[in-house]
2 protein chains.
Amino acid sequence: MELSCKSEYALLALLELATHYQSGEPLQIRQIAAQQNIPDRYLEQLLATLRRCGLVRSQRGAKGGYLLGREPWKINLFEVICCLEGTDSQSAQKDSGNKITLESTLLREIWQEGCHAANAVLQRYTLQDLCEKRDAKRQLDIMYYI
Amino acid sequence: MELSCKSEYALLALLELATHYQSGEPLQIRQIAAQQNIPDRYLEQLLATLRRCGLVRSQRGAKGGYLLGREPWKINLFEVICCLEGTDSQSAQKDSGNKITLESTLLREIWQEGCHAANAVLQRYTLQDLCEKRDAKRQLDIMYYI
DNA sequence: ACTAAACCCTAGTGTAGAACTGGGGTATGT
DNA sequence: ACATACCCCAGTTCTACACTAGGGTTTAGT
């Protein structure tokens with residue numbers, strides 16, 4: 001029930017891109033990595049995965065970098081996590097080891113129901129929402145500081 | 001987002017115990033393992049974990065075995081999975097590697113919200129419910145067969 | 001008391017995935 | 001041309017999962 005490092009890094013990176021979305025300028029891996037202290041070579045791979053899902057666009061060469069693939073209010077957390085965690089091409093074969101009984105399918109159904117509930121929560125939040133929540137929190141922190 | 005083998009085995013075993021709950025007689029590891037085709041030496045460990053959580057009681061010696069720790073309608077799926085997956089004694093230290101930023105805590109909060117939604121689903125189902133659902137399904141299968 | 005049946009405890013093994021790390025290739029703005 | 005930045009693929013370390021194995025302890029029945 002843990003949020004994987006992978007997904008967390010990717011979400012933090014996208015959050016960074018969302019923050020600079022208005023500028024229209026691409027952000028470089030190094031910058032994002034430094035800002036959120038993520039190992040840059042690892043982030044590179046994650047961004048490549050996000051690119052394949054169309055969640056980010058890349059610009060090669062000098063002055064290149066990454067841009068959000070869509071507007072920040074049109075990207076929700078669920079699809080980001082799906083993009084990274086979803087490497088289930090052989091998930092059907094993986095389960096073939098355990099025999100599929102009546103009871104096991106029943107359990108899987110209920111488990112799926114739980115997953116669906118969790119996904120519904122993640123689908124409700126967009127990158128835009130996160131940015132706003134973060135800004136609200138920052139304001140609160142400043143208030144307390146004073 | 002996969003139901004671990006561990007949890008599945010444990011739930012299947014508990015389901016078996018719930019089925020024979022009325023008899024008052026203990027069920028042996030071998031019997032449960034054979035019925036649900038689970039490796040018996042592995043199941044032994046899972047039952048030990050369940051025992052430490054009080055979800056099952058054990059009777060040692062000849063004619064021994066396992067009994068449910070409580071009535072089947074008083075055990076829900078959430079606590080079973082918690083019992084098995086909850087080995088997080090050092091989870092606090094585990095996260096110390098990644099710096100805790102404002103953004104990361106925000107992400108964790110939303111993730112927790114999702115987890116909570118999933119757990120709520122699992123809490124709604126008891127072993128009793130599962131037995132009834134299984135029996136209903138079995139009846140349906142028979143109907144289709146005729 | 002003896003024995004066999006059952007649980008109990010600890011430790012080892014093999015595999016797979018997560019989280020990096022590194023090297024070399026390709027496009028692009030100046 | 002050349003530095004900058006993305007691109008692709010391969011290797012490495014570490015940890016957890018899913019077992020596997022060996023020996024110990026309790027108890028019912030004889």
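Residue numbers begin at 1 in each chain, while the letters A, B, ... track the order of the sequences. Any value given below was found using the heavy atoms of this structure, including those in side chains, with hydrogens, waters and symmetry copies removed. Quick caveat, the model's predicted, so the values are computed rather than measured.
Atom CD of residue B/Gln36 and atom CG of residue B/Leu11 lie 10.5 Å apart, to the nearest 0.5 angstrom.
A/Lys6 has its NZ atom 13 Å from the C1' atom of C/dA16, to the nearest Å. If you take CG of B/Leu46 and C1' of D/dC17, they are 11 Å apart, rounded to a whole angstrom. Regarding B/Tyr42, its OH atom lies at a distance of 14 Å from the C1' atom of C/dT13, rounded to whole Å. Protein atom CD of B/Glu25 is 12 Å distant from nucleotide atom P of D/dA28, rounded to whole Å. For the pair B/Leu84 CG and D/dC19 P, the computed distance is 14 Å after rounding to whole Å. Rounded to a whole Å, the CG atom of A/Asp40 is 12 Å from the C1' atom of D/dA5. B/Arg30 has its CZ atom 15 Å from the P atom of C/dC8, to the nearest Å. Whole-Å rounding puts the B/Glu2 CD to C/dG17 C1' distance at 13 Å.
With C/dA19, D/dC6, D/dA10 as the choices, the nucleotide that has an atom nearest any side-chain atom of A/Ser4 turns out to be C/dA19. Each of C/dA6, D/dA18, D/dC6 was ranked by its minimum atom distance to the side chain of B/Gln28; first place goes to C/dA6. Distance from the side chain of B/Arg60 is smallest to C/dC8 among D/dC7, C/dC8, D/dA28. Closest to the side chain of B/Pro39, out of D/dA28, D/dT27, D/dT20, is D/dT20. Comparing C/dC20, D/dA18, D/dC6 by their closest approach to the side chain of A/Gln45 singles out C/dC20.
The neighbour count for A/Arg30 CZ, taken as heavy atoms of other residues, nucleotides or ligands under 6.0 Å away, does not exceed 12.
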key: Steps toward side-chain contact (heavy atoms from CB on, under 4.5 Å) verdict (A/Ile75, A/Thr126)   = CA-CA 5 Å; A/Ile75 298 178; A/Thr126 67; 5.9 Å; no

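Donor-acceptor pairing under 3.5 Å, judged by distance alone, is absent between the side chain of B/Glu44 and the base of D/dT20.
Formation of a donor-acceptor pair under 3.5 Å by the B/Glu79 side chain with backbone atoms of B/Asn76 is found in this model.
For the pair B/Gly65 and A/Leu3, nearest-nucleotide mapping onto DNA chain C gives the more 5' position to B/Gly65.
Checking the phosphate oxygens (OP1, OP2) of D/dG29, a side-chain nitrogen or oxygen of B/Lys63 falls inside 4.0 Å. Between A/Arg51 and the phosphate of D/dC8, there is a side-chain N or O to OP1/OP2 separation shorter than 4.0 Å. Between A/Gln59 and C/dG29 there is a side-chain polar atom (N or O) within less than 4.0 angstrom of OP1 or OP2. Residue B/Tyr66 places none of its side-chain N or O atoms closer than 4.0 Å to OP1 or OP2 of C/dA6. Taking 4.0 angstrom as the limit, B/Tyr9 places a side-chain polar atom (N or O) nearer than this to OP1 or OP2 of D/dC19. The phosphate of D/dC7 has OP1 or OP2 within less than 4.0 Å of a side-chain N or O from A/Ser58.
Heavy atoms of B/Ile29 sit under 4.0 angstrom from primed sugar atoms or phosphate atoms, though from no base atom.
A salt bridge is absent between A/Arg108 and B/Glu2; no separation between the charged side-chain nitrogens and carboxylate oxygens falls under 4.0 Å. Between B/Glu113 and A/Arg124 there is a salt bridge, since at least one side-chain N of the basic residue sits less than 4.0 Å from a carboxylate O of the acidic one.
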